Amino acid sequence: MLGQVLEAGTDKITVTWALNNTLPTGTDSAYKTIKVKLCYAPISQKDRAWRKTEDELSRDKTCQHKIVAKPYDASNRTVQRFEWVIERDVPKATYFVRAYAFDSNGEEVAYGQTTDAKKSSNLFEINSISGRHASLDICSVCFSAFSVVALFVFFYIEKRKAKASSSSK
């Protein structure tokens with residue numbers, strides 16, 4: 001049920017959100033801010049306590065990557081849109097997107113997400129940039145080899161000095 005595979009630093013996600021039109025008028029009266037976040041799917045949370053889902057929002061670590069935060073405009077009942085270039089520091093994982101509505105006290109009053117309640121459909125994967133290049137690997141091998149050779153050269157010189165000082169006595 002995995003969808004697209006996106007590349008960090010190059011690909012974009014277009015996020016759209018709107019108030020559910022079937023809700024009664026005034027439901028959104030407490031909404032002051034909308035925050036859209038990138039959230040880890042359960043498959044990317046296994047054996048990673050730092051991504052663990054908690055019911056208490058202040059302790060929840062599912063949605064760690066902010067996409068956008070905007071003031072809520074109650075007069076604009078149309079679909080709102082935001083295009084986000086996936087940041088280079090987003091780790092490789094499987095994700096979904098969640099939008100939170102907050103009141104004036106910063107308390108979550110509603111949310112919606114791109115996946116189902118089990119978080120098993122409409123997921124996508126992001127491949128991160130490792131930051132390692134072939135030139136970095138070549139340099140590390142060269143310096144490692146140089147350090148081993150230098151160790152043996154200095155060891156040989158010390159042994160030679162020790163023999164020379166013991167034979168001169």
Side-chain angles (χ1 to χ4, degrees), residues 1-138 140-141:
M1 302 198 203
L2 185 62
Q4 285 183 286
V5 177
L6 305 169
E7 298 294 325
T10 57
D11 287 334
K12 297 177 184 177
I13 296 174
T14 301
V15 181
T16 57
W17 68 92
L19 182 65
N20 185 342
N21 290 331
T22 61
L23 295 173
T25 305
T27 302
D28 61 343
S29 61
Y31 300 177
K32 297 298 177 203
T33 308
I34 301 295
K35 291 182 183 176
V36 181
K37 294 186 172 189
L38 192 61
C39 306
Y40 294 106
I43 194 162
S44 293
Q45 292 177 330
K46 285 187 177 154
D47 300 325
R48 293 176 175 98
W50 60 92
R51 297 179 180 175
K52 188 177 178 185
T53 300
E54 296 279 345
D55 288 335
E56 186 182 327
L57 188 60
S58 64
R59 296 180 63 203
D60 185 33
K61 297 177 182 145
T62 305
C63 304
Q64 297 179 13
H65 306 283
K66 183 176 112 178
I67 295 175
V68 67
K70 288 185 162 190
Y72 180 72
D73 182 6
S75 64
N76 184 359
R77 305 210 29 110
T78 62
V79 173
Q80 299 195 33
R81 179 179 314 272
F82 184 79
E83 194 170 87
W84 181 65
V85 176
I86 301 167
E87 295 171 357
R88 297 171 64 94
D89 64 345
V90 174
K92 178 179 174 135
T94 303
Y95 294 95
F96 62 94
V97 175
R98 184 179 284 167
Y100 293 97
F102 291 90
D103 65 11
S104 58
N105 297 325
E107 298 290 322
E108 176 198 347
V109 290
Y111 78 92
Q113 59 191 26
T114 60
T115 187
D116 59 356
K118 293 181 180 181
K119 300 176 196 159
S120 60
S121 66
N122 202 15
L123 305 173
F124 57 92
E125 187 174 332
I126 293 178
N127 282 334
S128 63
I129 297 171
S130 71
R132 284 183 56 179
H133 297 280
S135 59
L136 183 62
D137 292 338
I138 292 168
S140 66
V141 167

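Everything numeric here is computed off the predicted structure, so don't read it as measured data.
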Separation between [atom1] of [X] and [atom2] of [Y], rounded to the nearest 0.5 Å:
| X | Y | atom1 | atom2 | result |
| --- | --- | --- | --- | --- |
| Ile13 | Ile126 | CD1 | CD1 | 4.5 Å |
| Asp11 | Ile86 | CG | CD1 | 5.5 Å |
| Arg98 | Ile67 | CZ | CD1 | 12.0 Å |
| Phe102 | Lys35 | CZ | NZ | 5.0 Å |
| Asp116 | Leu123 | CG | CG | 8.0 Å |
| Phe82 | Lys70 | CZ | NZ | 6.5 Å |

Beyond-backbone contact of Phe124 with Leu6, side-chain heavy atoms, under 4.5 angstrom: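 Yes, their side chains come closer than 4.5 Å.
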Heavy-atom check, side chain of Pro91 versus side chain of His65, under 4.5 Å: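 Sidechains of His65 and Pro91: in contact.
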Looking at [X] and [Y], would you say the former's side chain and the latter's main chain have a donor-acceptor pair under 3.5 Å?
| X | Y | value |
| --- | --- | --- |
| Gln64 | Tyr40 | no |
| Thr115 | Ser121 | yes |
| Asn105 | Glu107 | no |
| Thr114 | Val97 | yes |

Residue pair [X] / [Y]: nearest heavy atoms and the distance that separates them:
| X | Y | value |
| --- | --- | --- |
| Ser128 | Ala8 | CA-CB, 3.9 Å |
| Asp73 | Gln80 | O-NE2, 4.3 Å |
| Thr22 | Asn20 | OG1-OD1, 2.7 Å |

Arg51 side chain to Gln45 side chain, donor-acceptor N/O pair below 3.5 angstrom: no
Aromatic Phe96 / basic Lys119 pairing, under 6.0 angstrom, 45° off normal: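 No - Lys119 does not lie over the ring of Phe96 by the 6.0 Å and 45° rule.
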Mutual orientation of the aromatic rings belonging to Tyr31 and Tyr72 [parallel < 30°, tilted 30-60°, perpendicular > 60°]: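 Ring orientation, 0 to 90° scale: perpendicular.
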Over 12 foreign heavy atoms within 6.0 Å of CZ, Arg88: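 Not buried by this count: 12 neighbours or fewer within 6.0 Å.
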Chi angles and distances behind the side-chain contact (heavy atoms from CB on, under 4.5 Å) call for Val36, Trp84: CA-CA 11 Å; Val36 181; Trp84 181 65; over 6 Å; no
